[in-house]
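All heavy atoms count here, side chains included; hydrogens, waters and symmetry mates do not. The chains referred to below are lettered A, B, ... by the order of the sequence lines, with proteins before strands, and numbering in each begins at 1.
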Amino acid sequence: MFNLDDVPVNSAESPKTALTLSSEPLLQGQSNNNFLRGGTVPQYLIKRTGQAVFTLFCVLTFAFILGRATGKPAGLLLPDNATAAEVDALNGALGFNEPLHVQYLTYLGNVLRGDFGNSYRQRESALALIAERLPATFELAFWSFLLGLLLAVLAATAIQLTGSRTLRSLFIWGGSLRHSVPDFFFALLAVLLFSVALGMLPSLGRTSPASLVLPVLTIATGQFVLYVRLIDAALSDQASQDYVRTAFSKGQSRARVLFSHMLPNSVLPVLTMAGLNLGSLLGGTVVVEAVFAWPGLGQVLTEAVSQRDFPIVQAGLLVVALIFVTVNLAVDLLAAKIDPRVSLA
Amino acid sequence: MTQQLLPTDPTVLPATSERDSPQGDQQGKARRRPAAGRRKRPGASPAFVAGCMMLGLVLLLAAGGALLPGYDPFGQDLSAAMRKPFTDPDHLLGTDSLGRDMLSRLSLASFVTLGIALAVVILNAVIGTGLGMAAGYFGGRLDSAITTLADVNLAMPVVLLLIAVAAVTGPSATVTIVTLGLTYWVGYARVSRNLARSLRNRDFVLAPLTQGGGHGWVIRKHILPNVFSQILIIAATDIATIILIESSLEYLGLGVQPPVPSWGSMIFEGQKYLGTNPWLAVLPGIVMFLTVAGAQFTSQRFTAEGTTGALLRKGRTA
């Protein structure tokens, strides 16, 4: 995967060391090989779960700091002619007059009980408002991910089956070009072609299954190049393994080796990548939702920003961080289950 | 590789030899020849030249737009609104719904967007390299703390993070620069940490320490120069990503505020007139495409295919 000749580094010797070290994961414990050799998946599970919880705690704290940085919200909530006493009373009722550490502990307690505060504008639970919109976003993200992955698997297997370098450049260059166009602009071009010019597909809203087509197409094609690069690299890695040579020497066909041996063994990096990419997928979905007036997370969040309705934004941030951390934890544990060597890394 | 490509694309390659002085060309050839035997050492490939030309065009637009006659990105003229490109000699690329000159606005938008992207990348590189070198060089607790920080950082999607910050402070260019600048540094930190870790026990690092050199001095004089080229590579590949994220945020109304134009906000405004005058959205889109594709093509010269993939995979993606 690495090509030593192509890494320009000043020092003559550093590329080699850099490459061996840069392939190790960042979050690796220091020299605890003995501990890990004795420990098995449960040890790893505990360590990894602890990390996830700590990450969530940091996100919570960050959201708290952001929320307090807004200043006291009563001035925004009450009409302009409210008296200072009224403002102060509302701030007190919302708990903003307490000492900061008391506010923080109350906040943590509330969040643990699933209470993310009420929307300033709509006087409803912020979490409920977010939860209401989540299914629409999930629908979009799920189908986009599936389509993007499917296209990439098809492309990567086609590359491997034909062994054609031209095909590889074609897919990767095509994908890179598509990736050079931001999703929201690609979406506009798609609307221009399919809705304005051809009148085939709806351009706005979430009314029929057909309204899924353009947004899904937009996100999936944008993600395509990431997956195709990765799967292609994973398959090419596998291609040089001994078991592949053995399979060929037994007289198995190229397709058989690819589908029953190489592809299953390439699942792991794809799984990890998909987990890490979830954040960008959800972020991208938020933007594409704005183009298609898709009634999802993106819409409710951008509205909340324009109305300075911080509890909604906070709930959105926390929910997405929770999803991201949980999925990545699941992916890592699954990876350790699939390939026990992972927990040793 | 280069030798093979020469005859296939006669239109693009002469541009390089025209630009280079004869002497420079001679040297270039002499340098290129031994490399031709190696696998995939990109010389002035057609993609690189095309990328340079695309970037050059955008830079010219950003830097030179203000010098054009009739440059006025803010002046409204409702009687001349919604002119299509190349129909009005006063407004070469037409006008928007308020009659503002599109060419001027595109020029200013390019200047603004590129400026923000550059500021973000520099901030990222400085923070990431600083933290990464410190983590790798000193190791121990500091290392764990910084790697944890990087991990936490990755758990928050950038777009959502910026939405959250903008909800608090109100959207502005400064918010975009600071938020993106403080969040997108993990790729730099990983690479410089790993490099610093591999360098810290080398003789040329230990020797000045034994002679009383301070850690700061050693890092600056012996670690940083070895990390620097890798950092430049990441910066070159990152700038396209940053521009994409930045424009997405501008499209959502979370970046530069009107009346100052940006590519994202121009596309958002133009979207309303997609049926009648699609140029309003398409023109800024084309400029953005030229920039991002140009940056990608150009940066591929510095990164082999495999390295790019690995770097991108380890850094945050969009």
Side-chain angles (χ1 to χ4, degrees), chain A residues 1-3 5-11 14 17-18 21-22 24 26-27 30 51 54-55 58-59 63 66 69-70 176-177 180-185 188 191-192 196 226 229-230 233 273 276-277 279-280 282-284 286-287 290 301-302 304-305 308-310 313-314 316-317 320-321 324-325, chain B residues 38-41 139 143-144 147-148 150-152 154-161 163-168 171 190-191 194-195 197-199 225-226 228-230 240 244 247-248 251-254 267 271 274-275 278 281 285 288-289 292-293 296 302 304 306-307 309-310 313-314 316-318:
Chain A
M1 206 158 54
F2 285 105
N3 187 356
D5 294 335
D6 289 319
V7 183
V9 172
N10 291 346
S11 151
S14 47
T17 40
L21 276 166
S22 65
E24 85 186 323
L26 185 66
L27 257 168
Q30 298 276 312
Q51 266 170 18
F54 179 72
T55 306
C58 289
V59 176
L66 262 188
T70 341
S176 301
L177 275 183
S180 302
V181 182
D183 279 356
F184 64 92
F185 186 62
L188 279 188
V191 168
L192 202 57
V196 179
L226 301 176
R229 266 175 200 269
L230 185 79
M273 169 70 176
L276 283 174
N277 200 34
S280 104
L282 286 176
V286 164
V287 178
L301 286 180
T302 36
V305 171
R308 295 291 189 91
D309 197 344
F310 189 70
V313 178
Q314 188 182 32
L317 188 67
V320 170
F324 183 81
V325 169
Chain B
R38 294 188 197 165
R39 201 173 72 87
K40 225 189 159 185
R41 176 105 199 178
D143 189 17
S144 325
T147 46
T148 311
D151 193 48
V152 172
L154 284 179
M156 282 186 274
V158 190
V159 174
L160 286 177
L161 192 71
I163 289 179
V165 177
V168 171
R190 287 190 178 196
V191 169
N194 289 329
L195 276 172
R197 247 175 84 125
S198 71
L199 292 171
N226 284 301
F228 200 67
S229 58
Q230 292 288 331
L244 285 178
S247 327
S248 306
Y251 177 82
L252 292 176
L254 298 175
I267 291 176
Q271 190 183 352
L274 212 53
M288 196 185 325
F289 172 76
V292 176
Q296 282 189 351
F302 309 113
T307 326
R313 238 171 288 138
K314 274 172 200 142
R316 189 206 289 262
T317 41

Engineer: Would you mind telling me which of F54(A), F184(A), F324(A) has the largest number of heavy-atom pairs within less than 4.5 Å of chain B?
Structural biologist: F184(A)

Engineer: Heavy-atom distance under 4.5 Å to chain A: side chain of A240(B), backbone, both or neither?
Structural biologist: neither

Engineer: When heavy-atom pairs shorter than 4.5 Å are enumerated against chain B, which of L282(A), V325(A), L192(A) gives the highest number?
Structural biologist: L192(A)

Engineer: Using the side-chain hydrogen bond (donor to acceptor under 3.5 Å, both in side chains) criterion, which residues pair with S180(A)? Sequence neighbours excluded.
Structural biologist: Q296(B)

Engineer: Counting heavy-atom pairs under 4.5 Å with chain A, which one of S248(B), A281(B), A293(B) comes out on top?
Structural biologist: S248(B)

Engineer: Is it the backbone or the side chain of A304(A) that comes under 4.5 Å from a heavy atom of chain B, or both, or neither?
Structural biologist: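 Looking at A304(A), nothing touches chain B.
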
Engineer: Just so I understand: if I count every heavy-atom pair under 4.5 Å between each of V165(B), L161(B), L244(B) and chain A, which residue has the most?
Structural biologist: L244(B)

Engineer: F185(A): which residues meet the ring pair (Phe, Tyr, Trp, His ring centres under 6.0 Å) condition with it, sequence neighbours left out?
Structural biologist: none

Engineer: Between chain B and each of L188(A), T302(A), V181(A), count heavy-atom pairs under 4.5 Å; write down the option with the most.
Structural biologist: L188(A)

Engineer: Please round to the nearest 0.5 Å and tell me the distance separating atom CD1 of I267(B) and atom CE of M288(B).
Structural biologist: 3.5 Å

Engineer: Just how far is it from atom CG of L230(A) to atom CG of L226(A), taken to the nearest 0.5 Å?
Structural biologist: 9.0 Å

Engineer: What part of L254(B) gets closer than 4.5 Å to chain A, counting heavy atoms only: side chain, backbone, both or neither?
Structural biologist: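 L254(B) touches chain A through side-chain heavy atoms alone.
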
Engineer: Distance check, rounded to the nearest 0.5 Å: Q314(A) atom CD versus L66(A) atom CG?
Structural biologist: 8.5 Å

